[in-house]
Number of protein chains: 2
Amino acid sequence: MTVTLADVAARAQVSPATVSRVLNGNYPVAAATRERVLRAVDELDYVLNGPASALAAATSDLVGILVNDIADPFFGIMAGAVQSEIGGPGGRAGGERMAVVCNTGGSPERELTYLTLLQRQRAAAVILTGGAIEDAEHADAIAGKLRRLTEAGTRVVLCGRPPSPDTDAVALTFDNRGGGRRLTDHLVNLGHRRIGYIAGPEERTTTRHRLEGHRAALAARGVPDDPALTVHGPYDRRSGYDATDELLRRAPDLTAVVAANDTVALGACAALRDKGLRIPDDVSVAGFDDLPFSIDAVPALTTVRLPLHEAGARAGRIAMSKEKPPPGGVATVHGELMVRGSTAGPR
Amino acid sequence: MTVTLADVAARAQVSPATVSRVLNGNYPVAAATRERVLRAVDELDYVLNGPASALAAATSDLVGILVNDIADPFFGIMAGAVQSEIGGPGGRAGGERMAVVCNTGGSPERELTYLTLLQRQRAAAVILTGGAIEDAEHADAIAGKLRRLTEAGTRVVLCGRPPSPDTDAVALTFDNRGGGRRLTDHLVNLGHRRIGYIAGPEERTTTRHRLEGHRAALAARGVPDDPALTVHGPYDRRSGYDATDELLRRAPDLTAVVAANDTVALGACAALRDKGLRIPDDVSVAGFDDLPFSIDAVPALTTVRLPLHEAGARAGRIAMSKEKPPPGGVATVHGELMVRGSTAGPR
DNA sequence: CTGTTAGCGCATTCAA
DNA sequence: TTGAATGCGCTAACAG
């Protein structure tokens with residue numbers, strides 16, 4: 001029914017082995033023979049059987065990318081950047097690699113399940129994006145999986161996530177703490193003292209690091225850290241909206257709101273606007289990540305720019321061994337404070 | 001080195017076939033035996049070999065999703081929705097399908113290449129999202145590929161794309177024409193006569209259909225269609241910015257701008273603002289898609305809401321045969337006009 | 001309900 | 001430079 005390599009071999013009057021060799025281009029084949037084979041491939045409209053090839057060669061050309069939410073541009077940008085680097089030469093069978101994007105939804109179980117699925121596919125590489133879940137048991141489970149993956153020859157790269165100890169995974173970590181510190185520093189410099197903080201979901205490294213940076217900045221300037229001014233919530237717009245309502249209720253005197261990320265900040269802006277508060281005149285707002293839409297917010301959002309595309313591309317290159325891993329297997333990627341119209345001095 | 005199904009069989013003192021059966025859960029197996037096998041799997045930390053399994057069963061659990069740009073929430077939302085529907089029913093690692101997201105960047109060649117790659121992987125299903133490229137030769141090539149895919153047992157679903165003739169592909173088409181018509185109708189109703197139109201890239205069905213809707217609305221109301229008022233460009237913010245500058249230069253008297261999509265509309269807003277023009281007082285602006293950020297634009301963007309999540313989910317279910325295809329294999333998905341603050345009567 | 005027997009389609013030895 | 005032979009790890013008849 002479907003045409004196989006043997007069919008091509010028959011048509012080209014060579015052995016199946018020879019066809020395999022020209023297709024993979026790893027062995028020397030006479031130009032004339034190659035021509036004949038290629039023509040047969042074309043005439044028969046032959047398409048290599050991936051699974052069979054992967055089974056025989058014990059490797060596949062699939063690259064796994066774990067993301068929390070592919071609908072969120074934060075992850076979409078990284079995933080796209082990875083994609084752009086995993087094609088090209090170096091691979092077998094035309095060197096074309098395919099990205100398997102796995103939406104974990106932030107769930108620890110799904111993270112593990114997908115890792116197992118990727119292991120099952122004998123993925124060439126796996127890239128984990130986004131912050132890690134802070135649970136010792138889960139971290140161990142993940143580390144175990146990663147170890148088994150690397151043992152099986154799968155390259156593992158963490159992109160925007162802290163290193164996984166006792167693991168050969170290369171880590172490209174975002175400096176969330178430093179970014180958070182600079183952001184709050186900026187607000188304190190402007191004269192703010194009552195700063196609401198809408199943190200991300202609890203038990204995640206990203207949340208904790210950004211919050212630690214915030215608190216470090218406050219502490220460094222002797223600004224009291226009122227626990228009532230911190231609210232946790234998911235990384236979405238609604239969370240920003242609701243949390244802002246809550247903060248305003250708890251502390252009507254606040255003069256600034258720092259959000260876990262830009263999406264949350266947009267929700268915060270909406271809540272303030274709906275309350276008749278002007279930005280930044282009445283309340284300043286700041287985000288994190290500098291997603292593409294942030295510059296179009298009105299006023300434009302002050303935020304910390306994370307080089308998502310660059311980081312994703314680098315992770316992809318390292319996964320493909322096109323670039324050598326950073327010394328020690330760990331590199332820190334810094335964010336840049338983008339001061340825009342949404343922040344100003346307190347009224 | 002790596003543990004195989006035979007190892008598990010040996011440890012559980014059953015035949016490999018039995019292990020395969022409990023793992024796939026398709027045949028009846030005695031509870032006691034199943035227990036023993038599962039225990040052995042656990043103790044040996046066994047992970048099924050996907051390629052081998054796919055080879056033997058002649059099917060894989062990979063589902064391909066073609067998108068123009070995964071960093072664009074328009075595609076990210078659909079991809080995420082598809083993902084959420086392709087997982088298996090059970091929580092166990094059986095029946096779990098994985099999504100292979102392919103970024104075509106809108107390039108015809110890459111579209112074909114990815115289709116071939118997916119065919120090579122023996123993908124269980126393929127879902128193509130976004131508008132089609134309007135080139136007869138390319139359309140034929142695509143149709144040929146799709147035909148070969150379905151012949152090989154791969155289910156093909158088009159999501160937000162017109163039907164592909166002479167093909168078994170199920171199509172969930174967006175009513176871009178109707179949406180475009182309603183949007184411009186709304187503006188004409190408000191009293192606008194000089195409406196700039198920033199169209200998407202040429203030679204794409206989405207672009208053409210939205211533009212046709214726009215022109216149909218103008219024609220129906222007897223509003224002259226000045227060719228100078230239409231500018232083409234890619235689906236990005238910058239295009240919206242530049243095109244608006246250009247439109248303003250060509251027609252300083254325009255009172256409204258309709259953009260190809262929300263992202264482009266955001267760029268248009270920025271350009272107007274930079275020129276000191278107020279929205280909607282001086283110029284009204286409308287977008288298309290109703291992406292999440294559109295409601296947070298200031299003023300909130302009037303646009304046409306496309307049920308991206310629902311459409312993606314439905315495409316996923318049809319691809320997985322969880323839902324039966326629409327009669328005739330074609331269904332039209334309608335958009336809803338969302339009137340918000342960015343449009344008002346002309347000054 | 002379970003074991004036996006054959007391949008699935010290809011990559012890779014080993015010879016020639 | 002090429003061909004023949006072997007096995008990758010698993011599923012699917014077919015018996016029993």
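Small disclaimer: the values here were computed from a predicted structure and weren't measured. When reading the values below, keep in mind they use all heavy atoms of this one structure, side chains included, and skip hydrogens, waters and symmetry mates.
- A distance-only check finds a donor-acceptor pair linking the side chain of A/T116 to the backbone of A/L112 [under 3.5 Å].
- For the pair B/Y27 OH and D/dT11 P, the computed distance is 11 Å after rounding to whole Å.
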Quiz item: How would nucleotides 3-8 of chain C be written as a contact map, 5' to 3', with B for base contact, S for sugar-phosphate-only contact and - for no contact, using protein heavy atoms under 4.0 Å?
Solution: BB--BB
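- The side chain of A/N24 contributes an N or O atom lying less than 4.0 Å from OP1 or OP2 of C/dA11.
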Without placing hydrogens or testing angles, list every side-chain donor-acceptor pair under 3.5 Å for residues 158-167 of chain A, not counting sequence neighbours.
unit_1	atom_1	unit_2	atom_2	d
A/R161	NE	A/G130	O	3.0
A/R161	NH2	A/T129	O	3.4
A/R161	NH2	A/G131	O	3.4
A/T167	OG1	A/P165	O	3.4

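- We find that CD of A/E35 is positioned 16 Å from C1' of D/dT1, with the value rounded to whole Å.
- Between the CG atom of B/L23 and the C1' atom of D/dG9 there is a distance of 12 Å, given to the nearest Å.
- Under the side-chain contact (heavy atoms from CB on, under 4.5 Å) criterion, B/R122 pairs with A/V47, A/N49, A/P51, sequence neighbours left out.
- Between A/L5 and B/A30, it is B/A30 whose nearest contact on DNA chain C lies nearer the 5' terminus.
- Only one option out of A/D69, A/T113, A/N68 pairs with A/T104 in a side-chain hydrogen bond (donor to acceptor under 3.5 Å, both in side chains); it is A/N68.
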Quiz item: If pairs are Watson-Crick or G-U with both distances under 3.5 Å, what is the dot-bracket string of DNA chain C, marking crossing pairs with [ ] and pairs to another strand with |?
Solution: ||||||||||||||||
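- The side-chain contact (heavy atoms from CB on, under 4.5 Å) check on A/D140 picks up nothing, with sequence neighbours excluded.
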Quiz item: Given the rule in the side chain to side chain donor-acceptor pair (under 3.5 Å) test, do A/S15 and A/T18 qualify, once you have shown the distances and angles that lead to the verdict?
Solution: CA-CA 5 Å; A/S15 73; A/T18 300; 3.2 Å; yes
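- In terms of modelled atom types and a separation under 3.5 Å, the side chain of B/N103 and the main chain of B/G105 share no donor-acceptor contact.
- Considering only the side chain of A/P28, D/dT1 comes nearest among C/dA11, D/dG9, D/dT1.
- When each of B/R122 and B/R34 is assigned the nucleotide of DNA chain C with its nearest heavy atom, B/R34 is the one assigned upstream, toward the 5' end.
- Residue-environment remark: CD (B/Q13) stays at or below the threshold of 12 foreign heavy atoms within 6.0 Å.
- Judged as a salt bridge (charged side-chain N to carboxylate O under 4.0 Å, His left out), not a single pair has a partner in residues 12-37 of chain B (not counting sequence neighbours).
- At whole-Å resolution of the value, CZ in B/R120 and P in C/dG9 are 16 Å apart.
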